[in-house]
There are 2 protein chains.
Amino acid sequence: MSAAENQQLKEVLREHELKATTQRIALLKLLDATNEHFDAEEIYLELRKKQKNVSRATVYRSLESLAELDLVTRLDFGDGRMRFERNKDEDEHHDHLICEECGKVIEFFNLEMEAQQLSVCEENDFTPSTHTMHIFGTCSDCKKTS
Amino acid sequence: MSAAENQQLKEVLREHELKATTQRIALLKLLDATNEHFDAEEIYLELRKKQKNVSRATVYRSLESLAELDLVTRLDFGDGRMRFERNKDEDEHHDHLICEECGKVIEFFNLEMEAQQLSVCEENDFTPSTHTMHIFGTCSDCKKTS
DNA sequence: TACGCAAGTGCAAATAAGTCTCATTTAGAT
DNA sequence: ATCTAAATGAGACTTATTTGCACTTGCGTA
């Protein structure tokens, strides 16, 4: 509810030439406040739970605009729906470990891997724009349980 | 049309405890013969074009069984449909460079990258099963054109 | 502070990819 | 040649996402 946070998000939106609507602000605030990787439906339900009136269509459309402007990132874990994470400031790219049992997502960054990616691109005269590296498997918690 | 190829594919299927149906043989033969990364609909249309009678449901079901047995690999390039490639013999895992302009897919293998992945998994006490590494960007041909 | 209008929203209908049901067919063991 | 579990075809269904269109709202301007 912080007015300061609202104000800041309004500015972020305007800097990117998007109208600062209550729906978009609520959406950004939600993503800012979580470490989870929500899908569109979850975002929709969370916003509703918080008494924000918003429609599914708006959630999808907002996420699209925000992703285009790199304010959020689309994540595809291969299970048929897109997930979204807020692009915290201008921090470094990270990749994901995804637990196939509990769905937990662990973020990681590996400099050497990034370097290898660039070298692969050079070898193939390929100009990279983005990349995704997902490792699927079993997390430590789930190993204990099983 | 080679009877020898048919025979070989029949055996492959049987070794994996799948009935060697004409549909599955045609599907495998198609994937064997191409370097493209077809999606289910494309596979369906290609088979129809070749006068093979097969239904969409069978394409999906066959691809599922074949993927489970590692005879084909599912590829998710994040555009909302799964693509498939034949798992040539028992060769090494490879990753993909995907041209965002022409859709071309270049396969690569990088030993150092695979090693880094394992080390990331260890650091996080994570047991990997599979991974995907996709680099999106512009291929050399498309760079020339633009 | 009120006005205008393009940008944004809500709703419901439309798509798109993939899955499921069930009656019919077929591979392959006997 | 016969039998039966496995596989298939047709189409209905599901789930995620997109779109058309009438209505609303930010926000620049008077």
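Letters A, B, ... are given to chains in the order of the sequence lines, protein chains preceding strands, and every chain is numbered from 1.
Protein atom CD of A:Glu41 is 13 Å distant from nucleotide atom C1' of D:dT14, rounded to whole Å. Distance, B:Ile43 CD1 to D:dT8 C1': 17 Å, rounded to whole Å. One interatomic measurement links the two molecules: CD1 of B:Ile25 to P of D:dT8, which rounds to 10 Å at whole-angstrom precision. A:Tyr44 places its OH atom 16 Å from the P atom of D:dT15, with the value rounded to the nearest Å. Atom CE of B:Met82 is separated from atom C1' of C:dA16 by 15 Å (rounded to the nearest Å). Distance, A:Leu47 CG to C:dG10 P: 10 Å, rounded to whole Å. Taking atom CZ of A:Arg56 as the reference point, atom P of C:dA13 lies 14 Å away to the nearest angstrom. Residue A:Arg83 contributes atom CZ, which lies 10 Å from atom P of D:dA16 at whole-angstrom precision.
One side chain, A:His37 or A:Glu107, offers a donor N or O that lies under 3.5 Å from an acceptor on the other. Side chain to side chain, B:Ser129 and A:Glu100 meet the donor-acceptor criterion of an N or O pair below 3.5 Å. No donor-acceptor contact under 3.5 angstrom links the side chains of A:His93 and A:Gln117, judged on distance only.
A donor-acceptor pair under 3.5 Å links the side-chain atoms of A:Arg24 to the main chain of A:Lys19, judged by distance alone. Of the possible polar contacts, none joining the A:Lys104 side chain to the A:Asp141 backbone as a donor-acceptor pair under 3.5 Å is found. Remark: side-chain polar atoms of B:Glu114 are not paired, donor with acceptor, to backbone N or O of B:Leu111 under 3.5 angstrom. Judged by distance alone, with hydrogens and angles left aside, the side-chain atoms of A:Arg83 form no donor-acceptor pair with the main-chain N or O of A:Asp76 at under 3.5 Å. Side-chain atoms of B:Glu11 do not come within 3.5 Å of backbone N or O of B:Gln8 as any donor-acceptor pair.
OP1 or OP2 of C:dG10 has at least one side-chain nitrogen or oxygen of A:Thr58 nearer than 4.0 Å. Taking only side-chain nitrogens and oxygens, A:Tyr60 comes nearer than 4.0 Å to OP1 or OP2 of D:dT17.
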Run the side-chain contact (heavy atoms from CB on, under 4.5 Å) test on B:Asp95 and B:Ile135 for me, step by step, so that the C-alpha distance in whole Å, both residues' side-chain angles and the decisive distance to 0.1 Å come before the verdict.
CA-CA 9 Å; B:Asp95 293 305; B:Ile135 305 182; over 6 Å; no
Audit row: A:Lys49, A:Glu46, side-chain contact (heavy atoms from CB on, under 4.5 Å) steps and yes/no:
CA-CA 5 Å; A:Lys49 208 188 288 174; A:Glu46 283 298 316; 3.1 Å; yes
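Looking at A:Leu71 and A:Arg86, their side chains come closer than 4.5 Å, going by heavy atoms from C-beta outward. Between A:Asp125 and B:Lys143, the closest side-chain pair of non-hydrogen atoms falls below 4.5 Å.
Heavy-atom distances under 4.0 Å link DNA chain C to A:Leu18, A:Lys19, A:Thr21, A:Gln23, A:Arg24 of residues 14-24 of chain A, given in residue order. Scanning residues 64-81 of chain B for heavy-atom distances under 4.0 Å to DNA chain D yields an empty list.
No N or O donor and acceptor, one from the side chain of B:Arg61 and one from the base of C:dG18, sit under 3.5 Å apart.
Over its length, the helix from C:dT1-D:dA30 to C:dT30-D:dA1 turns its helix axis by 30°, as judged from the five terminal pairs at each end, rounded to 10°.
Where A:Asn53 and B:Asp39 meet DNA chain C, the nucleotide closest to each residue was compared, and A:Asn53 sits on the side nearer the 5' end.
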